[in-house]
Protein chains: 2
Amino acid sequence: MLRLTKKADYGLMALKYLAEQTGGSAHSAKDIAEAYHIPPQLLAKILQTLAKGGLLVSHAGTNGGYALAKPANEITAFEVIRTIDGPLFITSCITIHGACDLTSTCTIKEPLRKVNDSIKDLLSGIYIADLVEPGDAERSKHAVGGGLVSIAL
Amino acid sequence: MLRLTKKADYGLMALKYLAEQTGGSAHSAKDIAEAYHIPPQLLAKILQTLAKGGLLVSHAGTNGGYALAKPANEITAFEVIRTIDGPLFITSCITIHGACDLTSTCTIKEPLRKVNDSIKDLLSGIYIADLVEPGDAERSKHAVGGGLVSIAL
DNA sequence: CATTCTCCGACTCATACGGTCTTCTACAGT
DNA sequence: ACTGTAGAAGACCGTATGAGTCGGAGAATG
Ligand code: SF4
Ligand code: SF4
(Lines give C-alpha, C1' and ligand atoms only; values in the text may rest on other atoms or scores of the structure.)
(Ligands and ions follow the chains in the order given, each with its own letter.)
Protein backbone atom coordinates (compact mmCIF):
# COMPACT_ATOMS: atom_id res chain seq x y z
CA MET A 1 0.00 0.00 0.00
CA LEU A 2 0.95 3.56 -0.54
CA ARG A 3 4.02 2.50 -2.42
CA LEU A 4 5.88 5.26 -4.07
CA THR A 5 7.50 4.20 -7.31
CA LYS A 6 11.16 3.48 -7.58
CA LYS A 7 11.49 6.12 -10.22
CA ALA A 8 10.57 8.79 -7.73
CA ASP A 9 12.90 7.14 -5.29
CA TYR A 10 15.80 7.36 -7.71
CA GLY A 11 14.78 10.85 -8.63
CA LEU A 12 15.12 12.01 -5.05
CA MET A 13 18.53 10.40 -4.79
CA ALA A 14 19.69 12.17 -7.92
CA LEU A 15 18.36 15.46 -6.67
CA LYS A 16 20.16 15.01 -3.42
CA TYR A 17 23.36 14.17 -5.24
CA LEU A 18 23.13 17.31 -7.30
CA ALA A 19 22.39 19.34 -4.22
CA GLU A 20 25.52 18.04 -2.56
CA GLN A 21 27.75 18.95 -5.48
CA THR A 22 27.82 22.64 -4.87
CA GLY A 23 30.41 22.95 -7.62
CA GLY A 24 27.74 24.43 -9.78
CA SER A 25 28.86 22.71 -12.96
CA ALA A 26 26.72 20.06 -14.57
CA HIS A 27 26.90 16.37 -13.74
CA SER A 28 26.16 13.69 -16.27
CA ALA A 29 23.48 11.11 -15.71
CA LYS A 30 26.10 8.43 -15.98
CA ASP A 31 28.07 9.86 -13.09
CA ILE A 32 25.10 9.87 -10.79
CA ALA A 33 24.07 6.41 -11.85
CA GLU A 34 27.50 5.03 -11.08
CA ALA A 35 27.66 6.78 -7.75
CA TYR A 36 24.55 4.94 -6.56
CA HIS A 37 24.68 1.86 -8.76
CA ILE A 38 21.38 2.38 -10.46
CA PRO A 39 20.62 1.54 -14.10
CA PRO A 40 22.07 4.48 -16.05
CA GLN A 41 19.47 4.48 -18.77
CA LEU A 42 16.62 4.42 -16.34
CA LEU A 43 18.03 7.30 -14.38
CA ALA A 44 18.58 9.18 -17.60
CA LYS A 45 14.93 8.82 -18.35
CA ILE A 46 14.00 10.04 -14.91
CA LEU A 47 16.25 13.05 -15.22
CA GLN A 48 14.70 13.84 -18.56
CA THR A 49 11.32 13.84 -16.95
CA LEU A 50 12.51 16.11 -14.19
CA ALA A 51 14.08 18.45 -16.71
CA LYS A 52 10.86 18.58 -18.65
CA GLY A 53 9.07 19.35 -15.42
CA GLY A 54 11.30 22.31 -14.82
CA LEU A 55 13.12 21.00 -11.77
CA LEU A 56 16.40 20.47 -13.58
CA VAL A 57 18.24 22.18 -16.38
CA SER A 58 20.05 20.03 -18.90
CA HIS A 59 23.10 20.82 -20.89
CA ALA A 60 24.00 18.59 -23.83
CA GLY A 61 27.36 17.98 -25.37
CA THR A 62 30.81 17.40 -23.93
CA ASN A 63 31.04 18.07 -20.20
CA GLY A 64 27.30 18.40 -20.28
CA GLY A 65 24.89 17.07 -17.73
CA TYR A 66 22.22 18.19 -15.34
CA ALA A 67 22.02 20.85 -12.68
CA LEU A 68 19.37 22.01 -10.28
CA ALA A 69 17.04 24.60 -11.71
CA LYS A 70 16.35 26.09 -8.30
CA PRO A 71 18.16 26.22 -4.96
CA ALA A 72 17.96 22.97 -3.04
CA ASN A 73 15.89 24.53 -0.31
CA GLU A 74 13.18 25.55 -2.75
CA ILE A 75 12.47 22.13 -4.20
CA THR A 76 10.01 20.02 -2.26
CA ALA A 77 9.77 16.26 -2.29
CA PHE A 78 6.19 16.68 -3.33
CA GLU A 79 7.17 18.47 -6.52
CA VAL A 80 9.61 15.73 -7.40
CA ILE A 81 7.17 12.93 -6.81
CA ARG A 82 4.38 14.66 -8.65
CA THR A 83 6.61 15.41 -11.60
CA ILE A 84 7.77 11.82 -11.92
CA ASP A 85 4.79 9.75 -10.95
CA GLY A 86 2.15 12.13 -12.18
CA PRO A 87 -0.53 13.80 -10.11
CA LEU A 88 -2.27 10.64 -9.08
CA PHE A 89 -3.30 10.28 -5.47
CA ILE A 90 -4.42 7.83 -2.87
CA THR A 91 -7.92 7.40 -4.24
CA SER A 92 -9.02 7.20 -7.84
CA CYS A 93 -11.64 9.87 -7.40
CA ILE A 94 -9.48 12.74 -6.28
CA THR A 95 -7.65 13.71 -9.42
CA ILE A 96 -9.83 12.30 -12.16
CA HIS A 97 -13.34 12.84 -10.97
CA GLY A 98 -14.93 10.30 -13.26
CA ALA A 99 -12.47 7.55 -12.45
CA CYS A 100 -14.57 5.84 -9.82
CA ASP A 101 -18.20 5.22 -10.66
CA LEU A 102 -19.14 5.23 -7.01
CA THR A 103 -18.69 8.92 -6.44
CA SER A 104 -22.39 9.31 -5.82
CA THR A 105 -22.85 6.51 -3.33
CA CYS A 106 -19.40 6.65 -1.75
CA THR A 107 -19.42 7.96 1.78
CA ILE A 108 -15.75 7.98 2.57
CA LYS A 109 -14.71 10.25 -0.25
CA GLU A 110 -14.43 13.40 1.82
CA PRO A 111 -12.55 11.93 4.75
CA LEU A 112 -10.05 10.39 2.39
CA ARG A 113 -9.60 13.68 0.66
CA LYS A 114 -8.57 15.16 3.97
CA VAL A 115 -6.05 12.41 4.48
CA ASN A 116 -4.79 13.01 1.00
CA ASP A 117 -4.28 16.68 1.69
CA SER A 118 -2.48 15.90 4.90
CA ILE A 119 -0.01 13.68 3.12
CA LYS A 120 0.44 16.28 0.46
CA ASP A 121 1.24 18.89 3.07
CA LEU A 122 3.57 16.47 4.73
CA LEU A 123 5.57 15.99 1.55
CA SER A 124 5.43 19.66 0.71
CA GLY A 125 7.22 20.37 3.96
CA ILE A 126 10.25 18.35 2.94
CA TYR A 127 12.93 19.99 0.88
CA ILE A 128 15.87 18.56 -0.98
CA ALA A 129 18.13 20.57 1.27
CA ASP A 130 16.71 18.62 4.21
CA LEU A 131 18.06 15.43 2.74
CA VAL A 132 21.68 16.40 2.25
CA GLU A 133 22.39 17.24 5.87
CA PRO A 134 21.26 14.65 8.35
CA GLY A 135 21.25 17.40 10.94
CA ASP A 136 18.12 17.95 12.95
CA ALA A 137 15.98 21.04 13.44
CA GLU A 138 16.33 24.57 12.12
CA ARG A 139 15.52 23.88 8.50
CA SER A 140 12.04 22.81 9.53
CA LYS A 141 11.10 26.46 9.53
CA HIS A 142 10.02 25.81 5.99
CA ALA A 143 7.61 23.12 7.04
CA VAL A 144 3.94 23.79 6.85
CA GLY A 145 2.55 24.82 10.19
CA GLY A 146 5.94 24.72 11.79
CA GLY A 147 6.53 21.10 10.97
CA LEU A 148 3.18 19.97 12.23
CA VAL A 149 0.45 18.70 10.02
CA SER A 150 -2.95 18.59 11.53
CA ILE A 151 -5.37 15.88 10.68
CA ALA A 152 -8.96 16.66 11.50
CA LEU A 153 -11.85 14.97 9.76
CA MET B 1 1.84 8.02 -6.70
CA LEU B 2 0.95 6.89 -3.26
CA ARG B 3 -2.15 5.27 -4.60
CA LEU B 4 -3.98 3.17 -2.12
CA THR B 5 -5.62 0.16 -3.68
CA LYS B 6 -9.29 0.05 -4.44
CA LYS B 7 -9.60 -3.00 -2.25
CA ALA B 8 -8.62 -1.00 0.79
CA ASP B 9 -10.97 1.67 -0.39
CA TYR B 10 -13.86 -0.76 -0.56
CA GLY B 11 -12.79 -2.29 2.72
CA LEU B 12 -13.12 1.04 4.47
CA MET B 13 -16.55 1.55 2.98
CA ALA B 14 -17.67 -1.83 4.18
CA LEU B 15 -16.31 -1.20 7.65
CA LYS B 16 -18.11 2.09 7.77
CA TYR B 17 -21.33 0.41 6.67
CA LEU B 18 -21.05 -2.17 9.40
CA ALA B 19 -20.28 0.51 11.93
CA GLU B 20 -23.43 2.34 10.98
CA GLN B 21 -25.63 -0.71 11.38
CA THR B 22 -25.67 -0.77 15.11
CA GLY B 23 -28.23 -3.55 14.94
CA GLY B 24 -25.51 -5.92 15.96
CA SER B 25 -26.65 -8.76 13.75
CA ALA B 26 -24.53 -9.88 10.84
CA HIS B 27 -24.77 -8.42 7.36
CA SER B 28 -24.00 -10.42 4.26
CA ALA B 29 -21.37 -9.38 1.77
CA LYS B 30 -24.06 -9.19 -0.86
CA ASP B 31 -26.03 -6.62 1.10
CA ILE B 32 -23.08 -4.30 1.47
CA ALA B 33 -22.09 -4.73 -2.14
CA GLU B 34 -25.56 -3.78 -3.31
CA ALA B 35 -25.69 -0.79 -1.01
CA TYR B 36 -22.64 0.72 -2.65
CA HIS B 37 -22.80 -0.87 -6.09
CA ILE B 38 -19.48 -2.61 -5.91
CA PRO B 39 -18.72 -6.06 -7.41
CA PRO B 40 -20.15 -8.48 -4.83
CA GLN B 41 -17.58 -11.18 -5.30
CA LEU B 42 -14.72 -8.76 -4.97
CA LEU B 43 -16.07 -7.31 -1.78
CA ALA B 44 -16.59 -10.82 -0.48
CA LYS B 45 -12.93 -11.47 -0.97
CA ILE B 46 -12.00 -8.29 0.83
CA LEU B 47 -14.19 -9.16 3.75
CA GLN B 48 -12.59 -12.57 3.87
CA THR B 49 -9.21 -10.95 4.16
CA LEU B 50 -10.43 -8.67 6.91
CA ALA B 51 -11.95 -11.60 8.75
CA LYS B 52 -8.69 -13.49 8.50
CA GLY B 53 -6.91 -10.45 9.81
CA GLY B 54 -9.12 -10.40 12.86
CA LEU B 55 -10.97 -7.18 12.14
CA LEU B 56 -14.25 -8.89 11.32
CA VAL B 57 -16.04 -11.99 12.49
CA SER B 58 -17.82 -14.09 9.92
CA HIS B 59 -20.85 -16.23 10.34
CA ALA B 60 -21.72 -18.74 7.64
CA GLY B 61 -25.05 -20.23 6.77
CA THR B 62 -28.51 -18.75 6.33
CA ASN B 63 -28.83 -15.24 7.75
CA GLY B 64 -25.09 -15.27 8.17
CA GLY B 65 -22.73 -12.47 7.31
CA TYR B 66 -20.06 -10.28 8.82
CA ALA B 67 -19.86 -8.13 11.91
CA LEU B 68 -17.20 -5.95 13.46
CA ALA B 69 -14.83 -7.79 15.75
CA LYS B 70 -14.16 -4.68 17.80
CA PRO B 71 -15.98 -1.42 18.52
CA ALA B 72 -15.82 1.03 15.65
CA ASN B 73 -13.72 3.45 17.64
CA GLU B 74 -11.01 0.89 18.19
CA ILE B 75 -10.33 0.07 14.57
CA THR B 76 -7.89 2.35 12.81
CA ALA B 77 -7.68 3.00 9.11
CA PHE B 78 -4.11 1.90 9.29
CA GLU B 79 -5.10 -1.55 10.50
CA VAL B 80 -7.57 -1.93 7.69
CA ILE B 81 -5.16 -0.87 5.00
CA ARG B 82 -2.35 -2.98 6.34
CA THR B 83 -4.57 -6.01 6.58
CA ILE B 84 -5.80 -5.69 3.03
CA ASP B 85 -2.82 -4.40 1.13
CA GLY B 86 -0.18 -6.06 3.24
CA PRO B 87 2.53 -4.38 5.24
CA LEU B 88 4.24 -2.85 2.26
CA PHE B 89 5.23 0.77 2.48
CA ILE B 90 6.34 3.72 0.44
CA THR B 91 9.81 2.40 -0.26
CA SER B 92 10.87 -1.11 -1.06
CA CYS B 93 13.52 -1.16 1.60
CA ILE B 94 11.42 -0.52 4.67
CA THR B 95 9.63 -3.80 5.12
CA ILE B 96 11.73 -6.27 3.22
CA HIS B 97 15.28 -5.26 3.85
CA GLY B 98 16.74 -7.11 0.90
CA ALA B 99 14.26 -5.78 -1.61
CA CYS B 100 16.38 -2.93 -2.83
CA ASP B 101 20.00 -3.68 -3.62
CA LEU B 102 20.99 -0.10 -2.95
CA THR B 103 20.54 -0.16 0.77
CA SER B 104 24.25 0.33 1.26
CA THR B 105 24.74 3.26 -1.05
CA CYS B 106 21.34 4.84 -0.63
CA THR B 107 21.40 8.09 1.26
CA ILE B 108 17.76 8.92 1.43
CA LYS B 109 16.68 5.77 3.19
CA GLU B 110 16.46 7.26 6.65
CA PRO B 111 14.59 10.43 5.72
CA LEU B 112 12.06 8.40 3.82
CA ARG B 113 11.62 6.13 6.77
CA LYS B 114 10.65 9.16 8.79
CA VAL B 115 8.11 10.15 6.21
CA ASN B 116 6.83 6.65 6.23
CA ASP B 117 6.38 6.70 9.98
CA SER B 118 4.61 10.01 9.78
CA ILE B 119 2.08 8.67 7.33
CA LYS B 120 1.65 5.61 9.46
CA ASP B 121 0.92 7.76 12.48
CA LEU B 122 -1.44 9.81 10.42
CA LEU B 123 -3.47 6.79 9.44
CA SER B 124 -3.28 5.32 12.91
CA GLY B 125 -5.06 8.39 14.19
CA ILE B 126 -8.11 7.76 12.06
CA TYR B 127 -10.80 5.45 13.36
CA ILE B 128 -13.75 3.87 11.65
CA ALA B 129 -15.98 5.72 14.05
CA ASP B 130 -14.58 8.96 12.66
CA LEU B 131 -15.98 8.08 9.27
CA VAL B 132 -19.57 7.43 10.19
CA GLU B 133 -20.26 10.84 11.67
CA PRO B 134 -19.14 13.73 9.53
CA GLY B 135 -19.11 15.84 12.68
CA ASP B 136 -15.94 17.67 13.58
CA ALA B 137 -13.84 17.60 16.73
CA GLU B 138 -14.25 15.65 19.97
CA ARG B 139 -13.44 12.21 18.61
CA SER B 140 -9.97 13.35 17.74
CA LYS B 141 -8.99 12.71 21.31
CA HIS B 142 -7.94 9.35 20.05
CA ALA B 143 -5.59 10.85 17.52
CA VAL B 144 -1.89 10.54 18.04
CA GLY B 145 -0.42 13.63 19.60
CA GLY B 146 -3.80 15.27 19.81
CA GLY B 147 -4.41 15.05 16.10
CA LEU B 148 -1.07 16.46 15.18
CA VAL B 149 1.63 14.52 13.49
CA SER B 150 5.07 15.96 13.60
CA ILE B 151 7.47 15.61 10.76
CA ALA B 152 11.09 16.21 11.64
CA LEU B 153 13.93 14.79 9.65
C1' DC C 1 -31.96 -35.23 5.41
C1' DA C 2 -32.18 -31.78 1.93
C1' DT C 3 -32.08 -27.26 0.43
C1' DT C 4 -30.57 -22.81 0.45
C1' DC C 5 -27.62 -19.44 1.85
C1' DT C 6 -23.00 -17.66 2.78
C1' DC C 7 -18.15 -18.03 3.31
C1' DC C 8 -13.81 -19.55 1.36
C1' DG C 9 -9.72 -20.55 -1.52
C1' DA C 10 -7.91 -20.86 -6.10
C1' DC C 11 -7.89 -18.94 -10.52
C1' DT C 12 -7.65 -15.64 -14.72
C1' DC C 13 -7.16 -11.10 -16.90
C1' DA C 14 -5.41 -6.35 -17.43
C1' DT C 15 -2.65 -2.64 -16.20
C1' DA C 16 1.53 -0.41 -15.60
C1' DC C 17 5.89 -0.35 -13.35
C1' DG C 18 10.89 -1.37 -13.97
C1' DG C 19 14.20 -1.82 -17.07
C1' DT C 20 16.41 -1.92 -21.84
C1' DC C 21 17.52 -0.72 -26.61
C1' DT C 22 17.96 2.22 -30.67
C1' DT C 23 18.07 6.47 -32.92
C1' DC C 24 18.48 11.32 -33.32
C1' DT C 25 20.03 15.90 -31.87
C1' DA C 26 23.06 19.35 -29.72
C1' DC C 27 27.25 21.06 -27.93
C1' DA C 28 32.73 21.36 -27.00
C1' DG C 29 37.01 21.11 -28.35
C1' DT C 30 40.33 20.63 -32.17
C1' DA D 1 34.07 22.15 -40.41
C1' DC D 2 34.84 17.61 -38.10
C1' DT D 3 34.44 14.45 -34.53
C1' DG D 4 33.44 12.58 -30.19
C1' DT D 5 30.67 13.04 -26.24
C1' DA D 6 26.40 13.45 -23.80
C1' DG D 7 21.39 14.27 -23.65
C1' DA D 8 16.54 13.71 -25.69
C1' DA D 9 13.16 10.96 -27.29
C1' DG D 10 10.64 7.23 -28.52
C1' DA D 11 9.60 2.37 -28.90
C1' DC D 12 9.96 -2.03 -26.76
C1' DC D 13 9.54 -6.08 -23.45
C1' DG D 14 9.14 -8.90 -19.03
C1' DT D 15 7.14 -9.23 -14.89
C1' DA D 16 4.81 -7.84 -10.72
C1' DT D 17 0.47 -7.04 -8.83
C1' DG D 18 -3.84 -5.03 -8.88
C1' DA D 19 -8.81 -5.87 -10.21
C1' DG D 20 -12.11 -8.99 -10.95
C1' DT D 21 -14.27 -14.00 -11.53
C1' DC D 22 -15.27 -18.93 -10.61
C1' DG D 23 -16.57 -23.16 -8.53
C1' DG D 24 -16.61 -25.64 -4.20
C1' DA D 25 -16.96 -26.33 1.09
C1' DG D 26 -19.68 -25.59 5.06
C1' DA D 27 -23.41 -24.08 8.04
C1' DA D 28 -28.04 -23.00 9.37
C1' DT D 29 -32.89 -23.70 8.79
C1' DG D 30 -36.94 -26.51 8.06
S1 SF4 E 1 -14.84 4.39 -3.61
FE2 SF4 E 1 -15.17 6.52 -2.91
S3 SF4 E 1 -13.17 7.21 -2.11
FE4 SF4 E 1 -12.79 5.34 -3.34
S5 SF4 E 1 -12.27 6.14 -5.40
FE6 SF4 E 1 -14.51 5.71 -5.42
S7 SF4 E 1 -15.48 7.68 -4.83
FE8 SF4 E 1 -13.26 7.85 -4.27
S1 SF4 F 1 17.35 1.68 -0.14
FE2 SF4 F 1 17.06 3.78 -0.97
S3 SF4 F 1 16.69 3.46 -3.16
FE4 SF4 F 1 16.35 1.46 -2.17
S5 SF4 F 1 14.12 1.42 -1.73
FE6 SF4 F 1 15.15 2.23 0.13
S7 SF4 F 1 15.07 4.47 -0.12
FE8 SF4 F 1 14.65 3.58 -2.15
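Numbered from 1 within each chain, the chains take letters A, B, ... in sequence-line order.
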Once you round it to whole Å, what is the distance between P of C:dG18 and CG of A:Asp9? 9 Å
Taking OH from B:Tyr66 and C1' from C:dC5, how many angstroms apart are they, rounded to a whole number? 13 Å
Residue-phosphate contact under 4.0 Å: A:Arg3 side-chain N/O, D:dT17 OP1/OP2: yes
By nearest-heavy-atom nucleotide on DNA chain C, the more 5' of B:Lys52 and B:Gly64 is B:Gly64
B:Lys7 NZ - C:dT15 P separation (whole Å): 16 Å
Roughly how many Å is it from CD1 in A:Ile84 to P in C:dG18, rounded to a whole number? 10 Å
Between B:Leu55 and B:Val80 the two heavy atoms that sit nearest each other are CD1-CA, 3.8 Å
Above 12 or not: heavy atoms from other molecules or residues under 6.0 Å from CG of B:Asn63? no
Can you say whether the rings of B:Tyr17 and B:His27 are parallel (under 30°), tilted (30 to 60°) or perpendicular (over 60°)? perpendicular
Readout for nucleotides 25-30 of chain D: B = base within 4.0 Å of protein heavy atom, S = sugar-phosphate only, - = neither; 5' to 3' it is --BB--
Strictly distance-based, threshold 3.5 Å: is any side-chain N or O of B:Asp130 a donor or acceptor partner for the main-chain N or O of B:Tyr127? yes
Picking from B:Leu131, B:Val132, B:Ile46, B:Ile75, what satisfies side chain to side chain contact (heavy atoms under 4.5 Å, CB included) with B:Leu15? B:Ile75
Between atom CG in B:Leu56 and atom C1' in C:dC8, what is the gap in whole Å? 14 Å
Strictly below 4.0 Å, heavy-atom distances to any atom of DNA chain D: list the hits from residues 28-47 of chain A, or just say none. A:Ser28, A:Ala29
Qualifying side-chain hydrogen bond (donor to acceptor under 3.5 Å, both in side chains) pairs with a residue from residues 34-59 of chain B, counting only residues at least two apart or across chains: none
Output yes when a side-chain donor or acceptor of A:Glu79 lies under 3.5 Å from a complementary backbone atom of A:Thr76, and no otherwise. yes
Please tell me if B:Tyr10 has a side-chain N or O lying less than 4.0 Å from either OP1 or OP2 of D:dG18. no
D:dA16 P sits how many Å from A:Lys6 NZ, rounded? 12 Å
Looking only at atom types and distance, does a side-chain atom of A:Asp121 sit under 3.5 Å from a main-chain N or O of A:Ser118, one as donor and one as acceptor? no
From CG of B:Leu50 over to P of C:dC8, roughly how many Å is that when rounded to an integer? 11 Å
Please round to the nearest 0.5 Å and tell me the distance separating atom CZ of B:Arg3 and atom OG1 of B:Thr5. 10.0 Å
C:dC8, OP1 or OP2 - any side-chain N/O from B:Ser58 closer than 4.0 Å? yes
